[in-house]
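Inspection log for the structure reproduced underneath, given as structure tokens.
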Amino acid sequence: MKKFFEALKKFLITVEKGMRETSVSLIEHELMEDENVFALVTMSMFTGLPSPPTGVILRILPYMEREVQIMTKRSAELDDVFAQTLSHFDID
């Protein structure tokens, strides 16, 4: 009986680890999407949308290196947005 509980404990620890990795992956994906949206909103002057005041953008621009890199990377990979979004979920 003791072996059964030890095996069950190992199984549950493995399931927990897998669920945690999936959750962290989804949160990282959501963070990248939010940073991409933030960069798009602050750089919307290039797309023709109303943008925040230029002074504000110039002040935060030095701190937006990561967001601009993500926006540039996402722009280069825009061939199939649906597939990229669905790839983060476990859908067959």
Side-chain angles (χ1 to χ4, degrees):
M1 193 68 163
K2 188 175 181 178
K3 284 187 175 184
F4 171 74
F5 284 117
E6 288 178 11
L8 181 64
K9 183 178 177 181
K10 284 183 182 178
F11 172 74
L12 291 176
I13 288 172
T14 305
V15 169
E16 178 201 8
K17 189 176 180 180
M19 292 176 72
R20 188 178 306 156
E21 288 176 3
T22 303
S23 299
V24 168
S25 172
L26 287 174
I27 290 171
E28 287 175 347
H29 176 72
E30 186 174 334
L31 175 65
M32 285 184 62
E33 284 296 320
D34 289 345
E35 289 173 337
N36 182 34
V37 169
F38 180 72
L40 286 173
V41 167
T42 55
M43 303 289 174
S44 60
M45 64 185 129
F46 298 123
T47 60
L49 296 173
S51 64
T54 307
V56 172
I57 295 172
L58 290 176
R59 276 187 245 145
I60 64 172
L61 191 59
Y63 305 105
M64 292 184 50
E65 180 182 352
R66 177 179 160 82
E67 287 84 1
V68 171
Q69 287 176 348
I70 290 172
M71 181 181 68
T72 306
K73 181 181 171 193
R74 295 280 299 167
S75 299
E77 298 173 348
L78 280 178
D79 55 344
D80 195 357
V81 178
F82 234 13
Q84 289 176 356
T85 303
L86 292 179
S87 69
H88 292 281
F89 300 105
D90 213 10
I91 299 173
D92 291 329

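The first residue of the sequence shown is numbered 1, and numbering continues consecutively from there. If you're wondering where the values come from, they're calculated on a predicted model, not measured in any experiment.
- Note on Phe38: it clusters hydrophobically with Met71, by side-chain heavy-atom contacts below 4.5 Å among ILVMFWY residues.
- For the pair Glu67 and Ala39, the tightest heavy-atom approach, listed with the atom from each and the gap, is O-CB, 3.7 Å.
- For the pair Pro52 and Val41, the tightest heavy-atom approach, listed with the atom from each and the gap, is CD-O, 3.7 Å.
- From Leu12, atom CG reaches atom CG of Leu8 across 4.5 Å, with rounding to the nearest 0.5 Å.
- Val68 is connected to Ile60 through a chain of hydrophobic side-chain contacts under 4.5 Å among Ile, Leu, Val, Met, Phe, Trp and Tyr, so both are in one cluster.
- Taking NZ from Lys73 and OG from Ser75, the interatomic distance works out to 12.0 Å, rounded to the nearest 0.5 Å.
- Both Met19 and Phe11 belong to a single network of hydrophobic side chains, linked directly or stepwise wherever heavy atoms of I, L, V, M, F, W or Y lie under 4.5 Å apart.
- A distance of 14.5 Å separates CE of Met32 from CD1 of Ile27, quoted to the nearest 0.5 Å.
- Heavy atoms only, all atoms of each residue included: Thr42 and Met64 are closest at OG1-CE, 3.0 Å.
- Around the CD atom of Glu6, the shell of radius 6.0 Å holds more than 12 heavy atoms that belong to other residues, nucleotides or ligands.
- Applying the side-chain hydrogen bond (donor to acceptor under 3.5 Å, both in side chains) definition to pairs two or more places apart or across chains, those involving residues 25-39 are His29-His88, Glu33-Arg74, Glu35-Arg66.
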